[in-house]
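So the structure is just underneath, and the comments pick up after that.
Note that the structure is a prediction, hence the values are computed from the model and not measured. Naming convention: chains lettered A, B, ... in sequence-line order (proteins, then strands); numbering from 1 in each chain.
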Protein chains: 2
Amino acid sequence: MKTSIEHIRDKISKKGLKVTPQRICILEAIYDLDNHPTADNITEYIRETHPNIATGTVYKVLETLVENNLIKKVKTDRDIMRYDGIIEAHHHLYCSECDLIEDYMDHELDELLKDYFKKKKFPGFKLEDIVVQIRGTFDKC
Amino acid sequence: MKTSIEHIRDKISKKGLKVTPQRICILEAIYDLDNHPTADNITEYIRETHPNIATGTVYKVLETLVENNLIKKVKTDRDIMRYDGIIEAHHHLYCSECDLIEDYMDHELDELLKDYFKKKKFPGFKLEDIVVQIRGTFDKC
DNA sequence: GTATGTGCAAACTTTTTGCACTTCG
DNA sequence: CGAAGTGCAAAAAGTTTGCACATAC
């Protein structure tokens with residue numbers, strides 16, 4: 001079995017991108033930092049072990065990873081972009097009290113929505129993707 | 001029947017807020033600019049008729065209106081906040097090609113989701129609100 | 001070797017803040 | 001009149017850019 005880092009190298013390489021230390025550790029950081037980190041969270045985390053990474057590089061790498069579908073951007077109410085290492089379609093639970101965003105996978109819900117929108121046509125609109133945002137409060141918050 | 005402006009004054013007044021010209025015209029601007037305007041769109045629009053409004057004021061007023069549930073913030077993939085004059089629960093169609101966001105009201109969908117999540121409990125999470133983001137491409141774009 | 005990627009610092013955009021002045025009720 | 005709201009300008013926060021240098025392949 002491959003190590004985690006080798007998996008990451010593979011993922012980057014398969015997209016035809018150069019495998020650089022910066023790209024490896026940024027992708028690794030997103031997988032490690034599981035609460036949908038901001039660019040700043042990622043930069044801080046990486047600097048612990050890799051102090052020379054530049055802010056600009058982090059943003060450039062994140063943009064490249066998003067374009068190549070290795071990570072996703074997550075919309076929030078705030079004006080800060082957050083990133084998600086899970087690229088399979090999934091939904092999110094947003095906490096009203098704090099900035100926690102929890103992943104929510106629900107295949108049954110996906111089927112339900114797919115069926116619903118199959119009969120419900122939008123004239124002049126080609127449907128690509130449906131994301132459900134579930135807002136509420138976690139007891140722990 | 002009341003004029004539109006009187007309606008707007010009423011809405012502000014009913015929240016216990018002072019009815020100022022700035023608040024009136026910002027709320028009016030959001031109703032007029034129907035594609036979920038940014039703070040900047042709103043400022044520009046208002047300055048046509050009311051050149052002295054300050055950027056800071058626009059942000060402060062928008063924040064007040066959001067807090068008092070007279071408007072809503074709309075999440076986007078970009079890092080710009082947009083505002084929505086419709087406060088009733090509704091969903092959005094997002095265009096992948098441009099920055100168009102169209103309102104989508106669908107009571108049947110709301111019922112479907114309400115029923116679905118009634119049986120589907122989230123332990124440790126109090127559900128407040130569900131918003132469906134429908135991404136796709138408009139033919140016109 | 002060469003195309004691609006990175007570091008750095010400066011610039012840019014969007015949003016927030018503090019405080020004196022003004023206005024609504 | 002007094003509490004609440006606004007204007008202004010400065011600063012903060014987040015992100016982008018340009019270019020010389022470095023590196024993966």
Using a 4.0 Å heavy-atom cut-off to protein, can you give one letter per nucleotide of nucleotides 18-25 of chain C, 5' to 3': B if the base is in contact, S if only the sugar-phosphate is, - if neither?
BB---BBS
How close or far is atom C1' of D/dC25 from atom CZ of A/Arg23, stated in whole angstroms?
13 Å
Can you pull out the residues from residues 42-50 of chain B that lie within a 4.0 Å heavy-atom distance of DNA chain D?
none
Is any side-chain heavy atom of A/Asp10 less than 4.5 Å from a side-chain heavy atom of A/Val19?
no
Could you see if B/Ile71 belongs to whatever hydrophobic cluster contains B/Ile46? Use Ile, Leu, Val, Met, Phe, Trp, Tyr and a side-chain cutoff under 4.5 Å.
yes
Which whole-number value in Å describes the distance from B/Leu62 CG to C/dT16 P?
10 Å
Would you check if there is a donor-acceptor pair between the side chains of B/Asp103 and B/His91 at a distance under 3.5 Å?
no
Spacing between A/Ile80 atom CD1 and C/dT15 atom P, to the nearest angstrom:
12 Å
Under a 3.5 Å cutoff, is there a donor and acceptor pairing between the side chains of A/Thr38 and A/Asn41?
yes
Given atom OH of A/Tyr83 and atom P of D/dG14, what is their separation to the nearest angstrom?
12 Å
Under a 3.5 Å threshold, yes or no: a donor from one side chain and an acceptor from the other, between A/Tyr94 and B/Asp129?
no
ILVMFWY network linking B/Val131 to B/Leu93, side-chain heavy atoms under 4.5 angstrom
no
Contact class for B/Asn52 (heavy atom, under 4.0 Å): base, sugar-phosphate, or nothing?
sugar-phosphate
Can a side chain N or O of A/Tyr59 be found less than 4.0 Å away from OP1 or OP2 on D/dT16?
no
Within this structure, what is the CE-to-P distance between B/Met81 and D/dT15, rounded to whole angstrom?
12 Å
Whether the A/Tyr116 and B/Asp106 side chains hold a donor-acceptor pair (N or O, under 3.5 Å, no angle test) is what I'd like checked.
yes
Quiz question: by atom type and distance under 3.5 Å, do the side chains of B/Asp110 and B/His90 form a donor-acceptor pair?
no
5' priority, DNA chain C, between A/Ile53 and B/Thr38 [closest heavy atom]
A/Ile53
A/Ile24 CD1 to D/dC25 C1', straight-line distance once rounded to whole Å
14 Å
Side chains of B/Glu28 and B/Ser4, donor plus acceptor under 3.5 Å
no
B/Ile134 and B/Leu100: same hydrophobic cluster, using ILVMFWY side-chain contacts below 4.5 Å?
yes
Cation-pi geometry met for A/Lys120 and A/Phe117 (6.0 Å, 45°)
no
Of the listed nucleotides (D/dT15, C/dT15, D/dG7), which one gets closest to any side-chain atom of B/Gln22?
D/dG7
Rounded to the Å, how far apart are B/Ile12 CD1 and D/dA4 P?
17 Å
Just how far, in rounded Å, is C1' of D/dG7 from CD1 of B/Ile26?
13 Å
Quick test of your reading of the model: are A/Lys73 and A/Glu63 salt-bridged, counting only N-O distances below 4.0 Å?
yes
Residues from residues 64-74 of chain A sitting under 4.0 Å of DNA chain D, heavy atoms only?
none
